[in-house]
Amino acid sequence: MSPARWRFGGRSLALDPPLVMGILNMTPDSFSDGGDLRGVEAAVKRAEAMVAAGAAILDVGGESTRPGAPEVPVDEEIRRVVPVIRALRERVGVPVSIDTRKAAVAREALAAGAEVVNDVSGLTFDPALASVVAEHRAGLVLMHMRGTPADMAGRAVYRDLMGEVESELAGSVDRALAAGVPKEAVVLDPGIGFAKTPEQSVRILGEIGRLRRMGFPLMVGPSRKSFLGAILGVPPEERVAGTVAACVVAWMGGAEIFRVHDVRPVVEALAVARAVRQAKEAGPPSPRTEMTLT
Ligand code: HH2
């Protein structure tokens, strides 16, 4: 069983109801929302709307990791994210996560007020990142991928998909714990679309529960991704319903944290799915305690 809370710094976040993490990409070239947010004001407005819609945490990124994306220089990545993190820290109440693979970027982001590091490389890219997380008592998301965004597409070859994702994530966990990151601060993510074919991403959504035995909360990030395009034949901005379906299925399998662009539909869908589960667990009502759901 995974723990029911995610603890880092002075925070202790309950995972039921599930947490929705709103995506704030401060990038000109992200696959679905690149260039949307020009400047700090636009980012804060988007963040406030996400929090009003139910986002419990915000993930700020300054480097696209879409397949084939080029690496962004450290100074440029810092320039994109730090002013936004500072403004969110002052004006928005929820914790902020920095989506980066780089220790130098994480250090500046944490100093500016971020509380979580979301590393899509699972500590394979920058060996110095884990100790930066430990020093700041930050939360840490370890995502599974292989190689880099530039070459990951060619590495989507598995004999045992879930077994290999699990053992490679276990390597990431070892690196985090060895650097002094507390176990309770760590969240795992199987990395939908990262060194995965569309078929493999779909399988992972259905089998994500197998990772629960690792004993960490599970995050998943299916938002608007290309496996949805492969199923639906629609462009990223028309993949909201597909994203909702993917999140609900993953939640039913045991995922508890959802990284998405479209916060409100995902929050609402998860609330309905959870109400159904609770009603089922409660059993049939006795005549005197008829449910009054409208
Ligand atoms: N996906 C993306 C980026 N960061 N982090 C986690 N933990 N899980 C994910 O699935 C994940 C992630 C890629 O999506 P996006 O940020 O929308 O696009 P881009 O990388 O083009 O900015």
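Each ligand, and each atom within it, is numbered from 1 in the order the structure gives.
Closest to atom 4 (N) of ligand 1, if we only count protein heavy atoms, is D99 OD2, 2.9 Å. Taking atom 16 (O) of ligand 1 as the reference point, the nearest protein heavy-atom neighbour is R259 NH2, 2.8 Å. Among protein heavy atoms, the minimum distance from atom 5 (N) of ligand 1 is reached at N118 ND2, 3.0 Å. Of the protein's heavy atoms, T65 N, 2.8 Å lies nearest to atom 20 (O) of ligand 1. Protein heavy atom nearest atom 22 (O) of ligand 1, with residue, atom name and distance: S30 OG, 2.4 Å. Looking only at heavy atoms of the protein, atom 8 (N) of ligand 1 is closest to D189 OD2, 2.7 Å.
Under a 3.5 Å cut-off, the side chain of E115 and the backbone N or O of L110 do not form any donor-acceptor pair. Checked by atom type and distance alone, the side chain of E164 pairs as donor or acceptor with a backbone atom of D160 at under 3.5 Å. Side chain of Q200 to main chain of T197: a donor-acceptor pair is present (N/O by atom type, distance under 3.5 Å, no hydrogens or angles). Although no hydrogens or angles enter the test, the distance criterion places no donor-acceptor pair under 3.5 Å between the side chain of K102 and the main chain of V74. For the pair E63 (side chain) and V72 (backbone), a donor-acceptor distance under 3.5 Å is present. The closest donor-acceptor contact from the side chain of R91 to the backbone of V44 lies at 3.5 Å or more, if one exists at all.
At a 4.0 Å cut-off, at least one heavy atom of H261 sits close enough to ligand 1 to count as contact.
Under a 4.0 Å criterion applied to the non-hydrogen atoms of M219, ligand 1 contributes the atoms 7 (N). Those atoms of ligand 1 that come under 4.0 Å of a heavy atom in V141, given as number and element, are 7 (N). Residue F194 approaches ligand 1 through these ligand atoms, each under 4.0 Å from one of its heavy atoms: 1 (N), 2 (C), 11 (C), 13 (C).
Counting heavy atoms under 4.0 Å from ligand 1, residue N25 touches it through the side chain alone. The proximity of V220 to ligand 1, defined as any non-hydrogen pair under 4.0 Å, does not occur for either the backbone or the side chain. The proximity of K225 to ligand 1, defined as any non-hydrogen pair under 4.0 Å, is limited to the side chain. Residue contacts with ligand 1, taken as heavy atom pairs separated by less than 4.0 Å, involve M143 solely via side-chain atoms from C-beta onward.
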Check the pair D189, R259 against salt bridge (charged side-chain N to carboxylate O under 4.0 Å, His left out), reporting the backbone distance first and the verdict last. CA-CA 10 Å; D189 181 332; R259 179 184 181 276; over 6 Å; no
Step-by-step salt bridge (charged side-chain N to carboxylate O under 4.0 Å, His left out) determination, R86 to E108: CA-CA 10 Å; R86 204 168 280 134; E108 296 298 320; over 6 Å; no
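R7 and S12 make their closest contact through NE-OG, 3.5 Å (heavy atoms, listed as atom of the first residue, atom of the second, distance).
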